[in-house]
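Before any comments, here is the structure.
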Amino acid sequence: MKITSTSIAMAFFLISNMSFAQKKYNYVPITQTDSPSEIIKKAANVVPTPRQLEWQKKELLAFIHFGVNTFTNKEWGDGTEKETIFNPQKFDADQWARTIKEAGFKEIILTCKHHDGFCLWPTKTTEHSVKNSPWKDGKGDIVKEVSDACKKYGIAFGVYLSPWDRNSKYYGTDQYNDFFVKQLIELLTNYGNISEVWFDGAYGEGPNGKKRLYDFIRWYKIIRKLQPNAVIANMGPDARWVGNEGGQGRITEWSVLPNDNMNQELITANSQHDVLYKPLGDLCDQDLGSRSIINKAKGLVWYPAETNTSIRQGWFYHPEEDNRVKSSEELMNRYITSVGMNGTFLLNMPPTPDGLIHENDVKSLLGFKTLRDQTFKVNLAHGATVKCSNGKNMNLILDGKYNTYFTTKNQDTTTVIELTLPSVRTFNLLSVQECITVGQRVEEFRLDYLKENGQWETITSGTTIGYKRLLKFNAITAKKVRLSITRSRLNPTISEIGLYKMPNI
Ligand code: FUL
């Protein structure tokens with residue numbers, strides 16, 4: 001047989017396609033010969049990387065917007081702010097981390113530099129930083145104190161570094177990338193483990209403004225090298241912006257999306273650790289991953305939603321918002337529409353010019369924790385007898401362990417799981433989780449209960465589940481319920497099911 005470059009390419013293609021069919025990756029190429037059912041099967045086997053999985057399980061992430069805007073009472077600084085205005089006299093990173101830990105959050109992402117370019121650490125790259133402020137006579141380092149406080153309280157630490165920099169003289173030139181990389185390297189090497197790097201897409205210059213010459217790929221590679229466990233979020237390949245700033249996930253929220261700019265470099269890397277490409281397209285669209293969308297894709301990637309909002313109207317602190325802080329109940333509802341819609345919840349809590357999280361915010365955050373504790377303390381489905389005619393590992397659905405799961409026999413993509421509770425119970429919240437280390441598969445499900453007259457009635461229904469789906473409904477009192485999976489891309493895998501009674505809010 002004559003060996004040509006085409007046959008080598010063909011062989012490579014077949015081998016890589018075979019390995020994608022057998023193993024689990026967080027991306028997969030789609031070939032022109034793949035039929036719609038083969039594409040669906042591929043989609044059903046795309047899984048998160050270990051770093052994405054760990055991030056997803058954190059559920060609650062705290063965002064801290066703090067900087068010169070805290071002192072000018074603005075949302076966006078223009079870069080001309082004097083360093084001397086930055087002086088948080090009662091700054092206490094311990095109070096931030098303690099509050100956030102007590103509220104059950106697992107990570108703090110700090111705005112180390114916002115669009116105004118002011119750096120909260122004594123960077124060597126610019127004079128526009130804390131080192132020229134009166135705070136601690138210019139000897140302080142907010143990033144150090146916050147990262148140390150996170151370590152003390154056992155929470156992860158992430159950095160927000162705004163690509164848009166309205167102060168830097170390099171902005172709009174190619175040199176800006178060198179400047180930016182130096183800042184990144186300082187943050188990634190001097191503060192211990194960094195769990196997340198958050199790149200903002202915001203840019204407010206007019207049509208004649210400076211060009212955004214960002215070398216994202218170079219930045220991503222540096223992060224992978226220096227902090228391989230860090231999730232690169234928002235303008236990054238590991239976690240996507242959900243598409244709004246109101247803490248609202250989609251009713252149908254897929255974590256497997258088309259990735260059409262996936263290139264050969266990525267495919268040959270063939271590793272869960274080297275995905276450097278962000279999917280293209282409009283991430284605000286309502287439908288990001290349905291069958292009709294992925295059928296047209298050239299590749300698929302695990303790209304989960306990060307759902308952000310602020311506890312106040314603004315991202316930075318404004319005293320006039322002190323009495324408009326989101327209540328514990330509102331935060332609980334946002335938890336249901338973020339984590340409960342297959343996302344993580346990134347909640348911003350901006351400190352005051354004193355350098356403290358305001359007492360009203362603390363009260364809401366701790367009340368939110370109490371509401372979650374009250375709701376999720378007892379799984380009312382616990383101890384139920386599980387029946388399913390085509391199920392495997394039925395009891396694992398109630399073992400409290402995320403890694404173990406129920407699935408169906410043969411190639412069955414539909415099933416009915418019946419639970420007989422130990423006694424008649426009253427509940428108003430369903431929690432259901434797919435085992436995403438196998439893939440996200442469920443496309444349609446329903447919860448019914450058996451009424452006293454012997455008829456089944458639907459309580460609630462949904463489309464996607466993903467890592468977690470929470471559905472609230474009017475309280476139901478029953479002894480028998482059934483979860484029907486009516487459409488799934490491949491055998492559904494359900495880690496856990498829970499029935500809860502949430503306090504009336
Ligand atoms: C936006 C920014 O412009 C806001 O100031 C804030 O940082 C928010 C999280 O992202 O794009």
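Order of appearance sets the numbers: ligands from 1, and atoms from 1 within every ligand.
In terms of polar-atom proximity, Asn308 is not counted as a contact of ligand 1, lacking any N or O under 3.5 Å from an N or O of the ligand. Ligand 1 has a nitrogen or oxygen under 3.5 angstrom from a nitrogen or oxygen of His65. Taking distance alone, with nitrogen or oxygen atoms compared against 3.5 Å, Glu75 stays at or beyond that limit from ligand 1.
Close contacts of ligand 1 with Ala202, meaning ligand atoms under 4.0 Å from a residue heavy atom, involve 2 (C), 3 (O), 11 (O). Interface atoms of ligand 1 facing Glu245, defined by a heavy-atom separation under 4.0 Å, are 1 (C), 8 (C), 10 (O), 11 (O).
In this structure, Asp287 and Thr252 have side chains that are not in contact, with every pair of non-hydrogen atoms separated by 4.5 Å or more.
Both tests pass for Arg372 against the ring of Phe368: distance under 6.0 Å to the centre and angle within 45° of the axis.
At least one heavy atom of Trp76 sits less than 4.0 Å from an atom of ligand 1.
Using a 4.0 Å cut-off between heavy atoms, Phe63 contacts ligand 1 through its side chain alone, with no backbone atom that close.
Summarising the geometry, atom CZ belonging to Phe199 is positioned 10.0 Å from atom CE belonging to Met235; distances are rounded to the nearest 0.5 Å.
With no hydrogens or angles considered, no side-chain donor-acceptor pair links Trp254 and Gln440 at under 3.5 Å. Side-chain atoms of Tyr191 and Asp141 form a donor-acceptor pair, as typed in the model, at a separation below 3.5 Å. His318 and Glu75 share a side-chain donor-acceptor pair at under 3.5 Å.
Across the listed options Ile109, Asp200, Thr111, Asp200 owns the non-hydrogen atom lying nearest to atom 2 (C) of ligand 1.
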